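Here the structure is a predicted model, which means the values were calculated and not measured. A note on names: the letters A, B, ... follow the listed sequences, proteins ahead of strands, and every chain is numbered from 1.
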Amino acid sequence: MLSKTFDPKTVEPRLYAAWEASGAFAPAEDPAAEPFSIVIPPPNVTGSLHIGHALNNTLQDVLVRFERMRGKAALWLPGTDHAGIATQMVVERQLAAEGNISRRDLGREAFVEKVWEWKARSGGTIVNQLRRLGASCDWSRERFTLDEGLSAAVRKVFVGLYKEKLIYRDKRLVNWDPHFQTAISDLEVEQREVDGHYWHFAYPLEDGSGEIVVATTRPETMLGDTAVAVHPTDERYTKLIGRAVRLPIVGRPIPIIADEYPDPEKGSGAVKITPAHDFNDFAVGKRHNLPMINILDGFARLNDNVPAGYRGLDRFAARQKVVDEFERLGLLRGVEKTRHVVPHGDRSGVVVEPYLTDQWYVNAEALARPAIKAVEAGDTVFVPRAWEKTYFEWMRNIQPWCVSRQLWWGHRIPAWYGPDGRVFVEESEVEARRQAEEHYGRPTELRQDEDVLDTWFSSALWPFSTLGWPEQTRDLARFYPTHTLVTGFDIIFFWVARMMMQGLHFMGEVPFRRVFINALVRDAEGKKMSKAKGNVVDPLELVDEYGADALRFTLTAMTSGGRDLNLSRQRIEGYRNFGTKLWNATRFCQMNGCARAEGFDPAAAKAPLNRWIVGETARTAQAVTLALAECEFDRAAEALYRFIWNRFCDWYVELAKPVLNGADQAAKAETQATAAWALDETLKLLHPVMPFLTEELWGQTADLGVPRAHRGFLMTAPWPQLPDSLVDPAADAEIGLIVEAISEGRSVRQELNVPPAARPPLLVLEATSGQRRVLEAAAPLIGQLLRVSAVRIVGAAPEGAIPYVVEGATFALPVAEFIDLSAERARLAKEVAGHSGEIEKLAKKLANPDFVARAPEEVVEENRERLAEAEAAKAKLQAALSRLEAVA
RNA sequence: GGACGCGUAGCUCAGCGGGAGAGCACUACGUUGACAUCGUAGGGGUCGCUGGUUCGAUCCCAGCCGCGUCCA
């Protein structure tokens, strides 16, 4: 006998271990099985599971379990990302906390060694947390972006792109993160709006004949100014173009140039130009061939290119000093408060500086072209489709991708320099040496590039590098292109776009056929979760409290096309209750001898009740199958919830009770067999979303009746394929009538406050012969569920019987002695008014000749029928109301 | 400033050309032997505003108002 509730705490670890040990997570070996593959968005090794991971991985698991049951060779390939900056940060912090020497003192090799040690010790956290969710990843294929195989892939791609001239070295402005001492890509820069000032500085003309005023939010950069620009059409300055100002403090003469960049409407219309420290100024500098004076070092301190008093100062100290100096010189023309956006490093949180350095770039524009085409052609489809716009928007305006990082943790760039600076880009040092020897004519000492690659460079290869590329493995042939990628919209640029580019370039095919973009999980009030706000929900805590299945069902049910998903504990609790409901329905069936019967054929069931639930099961199977195939997760969850709670539990079980307790042995046996069959099908349909509870029930009911055709785990059972022919409209109509008669009767009783203990008969006044037959046959059911003593077919209602109309049939409950006549009058009047409103609307519509002429025939017909029904019902209730008023 | 998206029941959200829906919350009643992590019933919405298209608009189009996100 089942316990009273499901106990996730003991069941989950047991079942997960059993699944894993059985090898069920690996794809079927059957070569005939259609492949279905998903690569996991690799979480950072440093990570721990947050609610976004829980959502993302739940959806992947739902899909992969569904497809596995559908007989596909389903592979969900897991792994983790080395996450350059994040990991380096964690280990550095740990070194500091342990009172150890810093990374720099430790030296590169020793530090990297420390990171690997850390990874061995703590890197598995998130992977184990995924197990707690029930994720059916094939752990035997788990990969890490710094694995030997993946590193080989990275080198091959880098060298390949270099030789095609799609990777190149360039001196340009980068976003420099002074905290981590590295360049970062545009995507890693966060624009934050902050309070600041506009300082207006006067630059005296060199000949002393006047001044020109420029405004800046970054005064310290003036030390690197190499021009002042004005708009060529700005008449205020036409005469000054070509002349020079003497740069205060520095004393350097710099030209006044004409360029389209300054906006005459803004400020004074004149702009100071610092080509080495501003992206716009850099462009101006290029156009006018201006000197580029770098005034900062890697720590964002001022370097030796500035006057002595400023050297070594931090940028912000220098800012103040420059302002003070201008004031002292009498050249400060004003200060305004302003709010402006300032770039910050997304990891470090410090202000990043545009900084002139040599870096490696990928020609993203060239790689983007085929990637754009592939989505246009539908080779890869985004779900929801609207995200394609985001993808296109970025891809069509793509900039060169800076891929070098001045970090130690990552894939070292496979470039070696000779003594004269000549670069050899090869997959191995050996090969680089060989090339060098050939070039120089003798063995030559080479120095490897110090930099590592952007973490996203290796992530971009994930869909094929994890399958073994560059080796031509069986997995690669079988599972590439992968089928579906499930990820968040925040990394469409970082990751999805780059996988598209690299996949197409190196594999000649898109990396995935479909990209499902999942929502961002927010708190119950719709606020973004953040540690600062203290509203972060730990998914593992939720799993502890409600079980993994409840959390999974919640996340699945809340996944519609939206961008946000507001998670509340109440919601999870509700779905935990849903699991309990199914658990107890199974318990009920078990207590009532429901067991699989030898040779049971759902199509051959005789009792309308059984035929009805068989049809409902088939309908549900179809709805869930369609929904999951289309990533309509909320619809799948809704169909399951509705079927299990509102059909199976609320009606099937209730209506089956009298049969199960009755004397008709044949009917009882059929019902027991049907219930067992329906439950088995239900467990299969619910399994992808609630794997633990369903697997446990599957196991606990394994011995009830004849053995199942599928003897193993539910997770490997075949998915239900139930034909439409199992739906029986006649059975639907019968059960529909019974359900409505009971529901409406209950409504009458409650509204009129008929005591629950009262057991009047239910009178059937007007009904078709078919309806009468159904109602008479269902008398015991109706008796129990509506709490009536009998169902009687009568000609006319006795005085004071309360009528109601359902499916065109008229019923009455003789409960006059219990009720307040005025309450009944009010009830009838309300019903009549309701019908009147409906009638008015429909009649008006049908009276419109345009409607009748132009609307589709079936719509017109449907409206006519509804009008007739409403009129009939109203007439009956109106008659009752009149009788009542006559009595009173 | 540009792009995208959202305003539907108290809350969170589905629906998206022909009868306004769900969960939760709320109210009343109820231990009928699966389940109180329950059952039964009920109240509650000019579907942001203004126009347009249409026989018909919550749904399509335009404008406006309010909110959010991303990119400058």
Practice item. Under 3.5 Å for both distances, Watson-Crick or G-U wobble, that's the pair rule; now give the dot-bracket for RNA chain B, with | marking pairs to another strand and [ ] for crossing ones. Key: ((((((((.[[[[.)..(..]]]].(((((.......))))).....[[[[[..)....]]]]]))))))).
Check your understanding: Going 5' to 3' along nucleotides 40-48 of chain B, which nucleotides have protein heavy atoms under 4.0 Å from the base (write B), which only from the sugar-phosphate (write S), and which from neither (write -)?
Key -> BSSS-----
Practice item. Determine, for nucleotides 14-23 of chain B in 5'-to-3' order, which nucleotides have protein heavy atoms under 4.0 Å from the base (write B), from only the sugar-phosphate (write S), or from neither (write -). Key: SS--BBS-S-
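Residue A/R759 contributes atom CZ, which lies 14 Å from atom C1' of B/rG30 at whole-angstrom precision. One can place CZ of A/F494 at 12 Å from C1' of B/rC70, the figure rounded to the nearest angstrom. Taking atom CG of A/N397 as the reference point, atom P of B/rG2 lies 15 Å away to the nearest angstrom. B/rU69 atom P lies 12 Å from atom CD of A/E190, rounded to whole Å. The nearest whole Å value for the distance from the CG atom in A/N848 to the C1' atom in B/rU54 is 12 Å. Put simply, CZ on A/F489 is 20 Å from P on B/rA3, counting in whole angstrom units. Note: CH2 (A/W495) to P (B/rC70) measures 20 Å, nearest angstrom. A/N661 has its CG atom 12 Å from the C1' atom of B/rA34, to the nearest Å.
What you find for A/V189 and A/P343 is that their closest heavy atoms are CG1-CB, 3.5 Å. In this structure, A/P803 and A/L828 approach most closely via the heavy-atom pair CG-CD2, 4.4 Å.
From A/C589, atom SG reaches atom CG of A/L704 across 9.5 Å, with rounding to the nearest 0.5 Å. For the atom pair A/T274 OG1 and A/F282 CZ, the distance stands at 13.0 Å (nearest 0.5 Å). Note that the CD atom of A/E871 and the OG atom of A/S836 stand 10.0 Å from one another [nearest 0.5 Å]. Here the straight-line distance linking atom CZ of A/R864 with atom CG of A/L846 works out to 6.0 Å at 0.5 Å rounding. From A/I644, atom CD1 reaches atom CG of A/L686 across 4.5 Å, with rounding to the nearest 0.5 Å.
Side chains of A/W698 and A/D680: a donor-acceptor N/O pair is absent below 3.5 angstrom, by distance only. Under 3.5 Å, the side chains of A/T671 and A/N610 contain a donor-acceptor pair of N or O atoms.
A/P384 is not listed as a side-chain neighbour of A/F382, based on a closest heavy-atom distance of 4.5 Å or more. The shortest distance between side-chain heavy atoms of A/L555 and A/L551 falls below 4.5 Å.
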**Study point:** Steps toward ring pair (Phe, Tyr, Trp, His ring centres under 6.0 Å) verdict (A/Y546, A/Y575)
**Key:** CA-CA 9 Å; A/Y546 303 102; A/Y575 291 128; over 10 Å; no
Point to revise | ring pair (Phe, Tyr, Trp, His ring centres under 6.0 Å) assessment of A/Y391 paired with A/F493 | key: CA-CA 7 Å; A/Y391 172 86; A/F493 305 150; 8.7 Å; no
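Along RNA chain B, the nucleotide nearest to A/W387 and the one nearest to A/N584 differ in position, and the one closer to the 5' end is contacted by A/W387. Sequence order on RNA chain B of the closest nucleotides to A/V341 and A/D850 puts A/D850 first from the 5' end.
Separating the C1' atom of B/rU50 from that of B/rA57 is a span of 14 Å, rounded to the nearest Å. Between B/rG17 and B/rG5, the distance separating the two C1' atoms is 22 Å to the nearest Å. Taking atom C1' on both B/rG15 and B/rC55, the two are 24 Å apart, rounded to the nearest angstrom. Atom name P, nucleotides B/rG7 and B/rU37: the rounded distance is 35 Å, in whole Å. Rounded to a whole angstrom, the distance from the P atom of B/rA25 to that of B/rC11 is 15 Å. Rounded to a whole angstrom, the distance from the P atom of B/rC65 to that of B/rC49 is 15 Å. Here the separation of B/rG23 from B/rG66, taken at their C1' atoms, is 27 Å to the nearest Å. Taking the P atom of each, B/rA22 and B/rU32 are spaced 28 Å apart, rounded to whole Å.
Contact check, A/N577 against B/rC35: no side-chain N or O comes under 4.0 Å of OP1 or OP2. Residue A/K844 places no side-chain N or O under 4.0 Å from the OP1 or OP2 atom of B/rG56. Remark: A/W645 is not in phosphate contact with B/rA34, judged by side-chain N or O atoms under 4.0 Å from OP1 or OP2.
Among the protein residues, A/E858 comes within range of no part of the nucleic acid, since none of its heavy atoms lies under 4.0 Å from any strand. No engagement by A/C589 is indicated, since no non-hydrogen atom pair under 4.0 Å with the nucleic acid exists.
When distances run from any side-chain atom of A/F493 to the nucleotides B/rC71, B/rA34, B/rU37, the shortest one goes to B/rC71. For A/M558, the listed nucleotide lying nearest its side chain is B/rU12; candidates were B/rC35, B/rU12, B/rC55.
In terms of polar N and O atoms assigned as donor or acceptor, the side chain of A/K389 never comes within less than 3.5 Å of the base of B/rC4 in a complementary pairing.
Relative to the six-membered ring of A/F392, A/R396 meets both conditions, a distance below 6.0 Å and an angle of at most 45° to the axis.
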